[in-house]
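Some notes on the structure that comes next.
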Number of protein chains: 2
Amino acid sequence: MTATVSKSQLAYRTIKERISDGSYSPGYRLVLGRIAEELGVSAVPVREAIRLLEAEGLVQFERNVGAQVAMLDPTEYQVTMQTLALVEGFATAVSAPHMTPDDVARARAINDAMALTLEHFDPATFTRLNLDFHAVLFESCPNPHVLDLVHRGWARMRALRESTFSFVPGRARESVQEHAELLDLIESGADALELELAARNHRLRTLDAFLAHYGAPDGVPTSSTTGEGER
Amino acid sequence: MTATVSKSQLAYRTIKERISDGSYSPGYRLVLGRIAEELGVSAVPVREAIRLLEAEGLVQFERNVGAQVAMLDPTEYQVTMQTLALVEGFATAVSAPHMTPDDVARARAINDAMALTLEHFDPATFTRLNLDFHAVLFESCPNPHVLDLVHRGWARMRALRESTFSFVPGRARESVQEHAELLDLIESGADALELELAARNHRLRTLDAFLAHYGAPDGVPTSSTTGEGER
DNA sequence: AGTGGTGGGATCGTATATTATTTCGTACAC
DNA sequence: GTGTACGAAATAATATACGATCCCACCACT
């Protein structure tokens, strides 16, 4: 009656959820038998779920050794964030023409709520609202592949950054400001390319801020590779 | 001795290969037991492989019913190609600064070979060389995620278009021409954004040509959504 | 003390068997 | 003639069991 979800699906969703919400933090070792027992299923569906999560990059897997939640790694962070910027920028541009005035209003309301969280230090809420904000932007996206890429990127970032990946101290206020500008652009019916770059650079600036704050990885150039920016 | 690949991996690679080369054409029904027997393994690893391929979009899967190779569908084609254009454009821009003069020379050689295939009608060879061409472009890409997205896109297109997805009658010659221009841009050390858009529009023009040739899907606008283009 | 080998424990990998679900054909009733 | 209900066959889904592999600690030998 409850849509009779398969046990593989159950294992997949449960593990993914636990990675996202931090119950399984980066490096946590995922033992098939233990998880299977815990969920009341056999090891086979758990293994299947873990292989899927491996394909998404959420867990690392080694044959005959086991799986663990993907580790926190600045380089990982950079390329993932870069890819997310690419995909989100595109998704924004494609979605914008399909957004209703009501959609824009909802996005503004969420952004206002984000501004309120700045009064207190609350990275988790900030990140959650940030996801909601972008979710509103993308919900009219007619390209399901791109949407899927966005969601995978988010799942990765959540796993890597423990639920606060959008929040960089000293950058949050600008982020809210840029959101507002982005909505203005959308309302003004701006050019698709202009929108895409605005949305992309919004993420890339967060990336730069993060790298500046936590230190850039070794050989990777910190300039964000693509955009209008100053070289 | 042969790196002792797991049977799941074997099943995965074999099925993917057969989808790519057309042994399993779109719509072909993948029956667990039959494939398992054929490969000399049990049904469990085959099931796992099929679930992974489902996650990549290469096969469609329905619970308790079975799997089949993803069907040919103009809308599918459009969004996949659009996504591929996005990702390839970005990959080109990111890779370009890392390309050596030798890399560019190799790409030119492949492009010359493509020009030769225009003498005869040979879509399969054309598409293969086209993949080689872009592979050279991307092999210096420092972002593995983006590369992975490219490869998945290619696999999808192969599955959907039966090994000739880059070839649209009447467009091949322009394609070769645009490749040459792209290489010129790279050699001239062009701006990253300029490169990205050039590479993206190269794919999008192929998409438009395809849609014009085979007919556009129903409600989807044929203009390629993003780019400098004439609106 | 350092190095190489060896055994045990833990864990994954897969085959087999069982169960649950769906589908399709057939027969019966209307 | 058509629609429905029932049953058998096909197939996927999972559990269980066993085998293969890897890691680690301990011990012997140098």
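Protein chains get the first letters and strands the later ones, always in sequence-line order, with residue 1 at the start of each.
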Q. So which heavy atom on R29(A) is nearest to which on Q68(A), and how close?
A. CA-CB, 4.0 Å
Q. Think R171(B) forms a cation-pi with F210(B), using NZ or CZ under 6.0 Å from the six-ring centre and within 45 degrees of its axis?
A. no
(Q) I want to confirm an ordering. Mapping G33(B) and V65(A) to their closest nucleotides on DNA chain D, which one lands closer to the 5' end? (A) G33(B)
Q) R106(B) and D103(B): which non-hydrogen atoms are nearest, and at how many Å? A) NH1-OD1, 2.8 Å
Q.
What is the separation between atom OH on Y12(B) and atom P on dT14(C), rounded to the nearest whole Å?
A. 16 Å
Q) Between S8(A) and R47(B), does any side-chain donor sit less than 3.5 Å from a side-chain acceptor? A) yes
Q: Could you tell me the separation between the CZ atom of R34(B) and the C1' atom of dA12(D), rounded to a whole number of Å?
A: 13 Å
Q.
Can you tell me which nucleotide in dG13(C), dT11(C), dT11(D) comes closest to the side chain of V31(B)?
A. dT11(D)
(Q) I need the CD-P distance between Q9(B) and dT21(D), as an integer number of Å. (A) 16 Å
Q) OP1 or OP2 of dT14(C) sitting under 4.0 Å from any side-chain N/O of S42(B)? A) no
(Q) Rounding to an integer number of Å, can you tell me how far E62(B) CD sits from dA10(D) P? (A) 20 Å
Q: Using whole Å, report how far CG of L32(A) lies from P of dA15(D).
A: 13 Å
Q.
Please report the distance, rounded to the nearest Å, between NZ in K7(A) and C1' in dA15(D).
A. 9 Å
Q) How is N64(A) classified with respect to the nucleic acid when contacts are heavy atoms under 4.0 Å: base, sugar-phosphate, or nothing? A) base
**Q.** Short side-chain N/O contact to dT14(C) OP1/OP2 from R47(A), under 4.0 Å
**A.** yes
Q.
Side chain of P45(A) only, heavy atoms from C-beta on: which candidate in dT22(C), dA15(D), dT14(C) is closest?
A. dA15(D)
Q: Give L30(A) one of three labels, base, sugar-phosphate or nothing, depending on what nucleic acid heavy atoms sit under 4.0 Å from its own.
A: sugar-phosphate
Q: Determine: side-chain N/O of S8(A) to OP1/OP2 of dT14(D), distance under 4.0 Å, yes or no.
A: yes
(Q) In this structure, how many angstroms lie between the P atom of dA10(C) and the CD atom of E37(A), rounded? (A) 14 Å
Q. Under 4.0 angstrom, heavy atoms only, what part of the nucleic acid is L10(B) near: base, sugar-phosphate, or nothing?
A. nothing
Q: Could you check how far CD of E48(B) sits from C1' of dA15(C), rounded to whole Å?
A: 14 Å
(Q) If you assign A67(B) and A43(A) each to the DNA chain D nucleotide with the nearest heavy atom, which residue ends up on the more 5' nucleotide? (A) A67(B)
Q. Heavy atoms under 4.0 Å, any strand shown: does V44(A) hit a base, just sugar-phosphate, or nothing?
A. base
Q. Using a cut-off of 4.0 Å on non-hydrogen atoms, how would the nucleic acid contact of R29(A) be classed: base, sugar-phosphate, or nothing?
A. sugar-phosphate
Q) Do you know the tightest heavy-atom contact between I50(B) and L30(B)? A) CD1-CB, 4.1 Å
